[in-house]
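Read the structure below first, then the notes.
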Amino acid sequence: MTLRERGPWLGLVGLALLVALAYGLGSALFSSVSPQMAVTLGLSADELSLLNIGFTGAQLVGLLLAPLLVRRQGANDALRTGTLLGLAGSLLLLWSVSPLGASVAWALLGLGGSTVLVGLNLILLARFSYRAMTLVLAATLVFTTYLPMGFYPWLLAEMADRLDWQLAALVMAAGYALVLTLLTRLSVPETVPQPASKSPSWFYLLAGTALVMLTTVLMRGGHYNWFDHPGFRVLAGATALLCVSVLMLFVGRGWPSRARRVLAELKTSVYMYNAFLAGFAVMASGALVGGFLGQVMGYNGINSGWVQLPALAAMLAGMVVSVLGANQSRVPSDAIVPIGVVMILISMAQLSGLPNHVAPENLAGPLALRGFGVGLLNASVTLAVMAHFAPDERPEGVALFYLFRTLGSVIGGAVFSRIVTVNTATAMNELSRPLADGGIALSQFEQGVSAAMASQGTMAHPALLASQVSGVLKLEVGSLALSNALLAFLVAIGMLAPVLLAGKAMVARKQAALSAGKAA
């Protein structure tokens, strides 16, 4: 291949990496610099969480609407539209110091990010052969998935500590601006899919409202326990009713027929469950690891980032194994998915058995094992699903894949944040019971602390003793709550994984029956 022949190919790869860089920064920014963002906007942590809910809800709505935009204008225009939304959101986030402006900025970033993701994947699938597609998609996964989990948190924490968190918004804006420039200079063949029957506008309005309400119920459920607050009980009930109505319309006649046909195939349904399970396992385990490092070990964002940097190398190694597996024919590429799930399970079991005074070097093994499992899981699921869809199914198929994966992430994060909250309250109640009446355990502890202080030439003071008791109690509560939550994660995956295995077995039997019928 000559340099002139490689030019468009290299330009498209550069475009894909720029899009992935801007998208990945946006996905990691909120969780990494939320304290600094709250100070800039004058919001409490509870109020700031509403912006994250708006961002996630906008992502889901964007995935709902992206196939319509693609079938109407093509993947190139969808990518351009998403890039413009992302650029507008980045600039608004950079300049805004008001909660209203930040809310609009995150909504634009959510809508733009989903549209960009769908448009980019459709262009790559149409432009490259299978082998090249696996390599390019894996390269984009580095920036959209792996770096946000293993490098961006540390980088953004360092940036927020030494410089200004809004510099990340500036980098996002520059990335989206470069993408627009490349789109005007590159000659990317446009492939507009054939028009497909679609639902009426009111159905999309209903489905979008259901997704936003579901996101609100899930992500605020950790605060209200879903049913504690009277107003929240009404919201949860209305959300359940609306979601059931949308599902009935989807199964019946409300959803576009193309999307119904995509999900009607058993193998596609198994792939979508793969996406859901991957999102659930990765987000839930990530939340528990973050809680363990922050609540039990007492690490800040920078220290947590440093400890998890070696896991990034393991993620990249797992991704390489997945790419190699996708480019051979002996073993089905999606067979790697259960292996990744098992590795994440083992790593969580190892973390649940660690004491609260564990040395940082002892965390390397479990974190690296989880990183390798995440690398296997994300890459194998993505590559297998992207290669599965026929060209006329891709707009709906790609959007549904990311929709199911995002819903799995939201559910995993919501459920396990609530589990940690409940376990923390329970552990605090149990551990504080011996201290309520000034029992023997408290007296012995105070005497031990006093003796230790006296041996170092320090007089024991009641306020200092109370501080020591409080610190130890918080540490023990955090350790017990996280250990129980990690065990609950093992149980949850143990309940979800058999459904995946059963689905794969059904697909294998169906394909064997079809092969036997053709042979006969």
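Hydrogens, waters and symmetry mates play no part in the numbers below; they use all other heavy atoms, side chains included.
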Tyr402 and Thr406 have their tightest heavy-atom pair at O-OG1, 2.7 Å
How long is the gap from CZ on Arg405 to CG on Leu277, to the nearest 0.5 Å?
13.0 Å
Rounded to the nearest 0.5 angstrom, the CG-CZ distance for Leu109 and Phe30 is 11.0 Å
Can you find a pair of side-chain heavy atoms, one from Leu68 and one from Tyr204, that are under 4.5 Å apart?
yes
Looking at Leu383 and Ser322, what are the two nearest heavy atoms and their distance?
CD1-O, 4.4 Å
I'd like to check Leu403 versus Leu64 (side-chain heavy atoms, cut-off strictly below 4.5 Å). Are they in contact?
no
Is it true that, when you exclude Met283 itself, more than 12 heavy atoms of the residues, nucleotides or ligands shown sit nearer than 6.0 Å to its CE?
no
Should Leu155 and Leu147 be marked as a side-chain contact (heavy atoms from CB on, under 4.5 Å) after you check the CA-CA gap, both sets of side-chain angles, and the distance that decides it?
CA-CA 10 Å; Leu155 179 65; Leu147 290 182; over 6 Å; no
CG (Leu214) and CG (Leu242) are apart, to the nearest 0.5 Å, by 9.5 Å
Indicate yes or no: at least one non-hydrogen side-chain atom of Phe401 is less than 4.5 angstrom from one of Thr268.
no
Leu63 CG to Leu117 CG distance, which is reported to the nearest 0.5 Å
7.5 Å
Do Leu29 and Leu25 have side-chain heavy atoms sitting under 4.5 Å apart?
no
Looking at Ser44, is its backbone amide N or carbonyl O close enough to the side chain of Glu47 to form a donor-acceptor pair, meaning the two atoms are under 3.5 Å apart?
yes
Set out, in order, the CA-CA distance, both residues' side-chain angles and the distance that settles side chain to side chain donor-acceptor pair (under 3.5 Å) for Tyr146 and Asn378, then state yes or no.
CA-CA 9 Å; Tyr146 298 128; Asn378 269 315; 5.0 Å; no
For Asp392 and Arg71, work out which heavy atoms get closest and say how close.
O-NH2, 2.7 Å
For the student: nearest non-hydrogen atoms of Leu211 and Leu60, plus distance
CD1-O, 3.8 Å
Report the C-alpha separation of Thr40 and Met37 in whole Å, then their side-chain angles, then the decisive distance to 0.1 Å, and conclude whether the side-chain contact (heavy atoms from CB on, under 4.5 Å) test is met.
CA-CA 5 Å; Thr40 301; Met37 197 184 309; 5.7 Å; no
Assess whether side-chain contact (heavy atoms from CB on, under 4.5 Å) is satisfied between Trp165 and Leu156, documenting all intermediate values.
CA-CA 7 Å; Trp165 69 268; Leu156 292 171; over 6 Å; no
Residues Met343, Arg370; criterion side-chain contact (heavy atoms from CB on, under 4.5 Å); working and verdict
CA-CA 6 Å; Met343 287 186 171; Arg370 175 185 174 269; over 6 Å; no
Is there a side-chain contact between Thr216 and Leu235 in this structure, where contact means two heavy atoms from C-beta onward sitting under 4.5 Å apart?
yes
Would you find a donor on one side and an acceptor on the other, under 3.5 Å apart, between the side chain of Thr215 and the backbone of Ile53?
no
Are Met315 and Met149 side-chain neighbours, meaning at least one heavy-atom pair lies under 4.5 Å?
yes
Under a 3.5 Å distance rule, please check whether Ser347 uses its side chain to pair with a backbone N or O of Ile344 as donor and acceptor.
yes
Heavy-atom side-chain proximity of Val381 to Tyr271 below 4.5 angstrom
no
When rounded to the nearest 0.5 Å, the distance separating CG of Leu120 from OG1 of Thr83 is 9.0 Å
So, do Gln166 and Leu170 sit near enough that their side-chain heavy atoms are less than 4.5 Å apart?
no
Spacing of CG belonging to Leu50 relative to CH2 belonging to Trp106, to within rounding of 0.5 Å:
14.0 Å
Return yes if some donor-acceptor pair links the side-chain N/O of Ser114 with the main-chain N/O of Leu111 below 3.5 Å, else return no.
no
Keeping the roles fixed (side chain from Ser380, backbone from Leu377), state whether a donor-acceptor pair exists under 3.5 Å.
yes
Where is the tightest heavy-atom contact between Ala16 and Thr140, given as atom of each residue plus distance?
CB-CG2, 3.8 Å
Val282 backbone acceptor or donor facing Ser285 side chain under 3.5 Å:
yes
Considering all heavy atoms, the nearest Ser90-Met172 contact
OG-CB, 3.5 Å
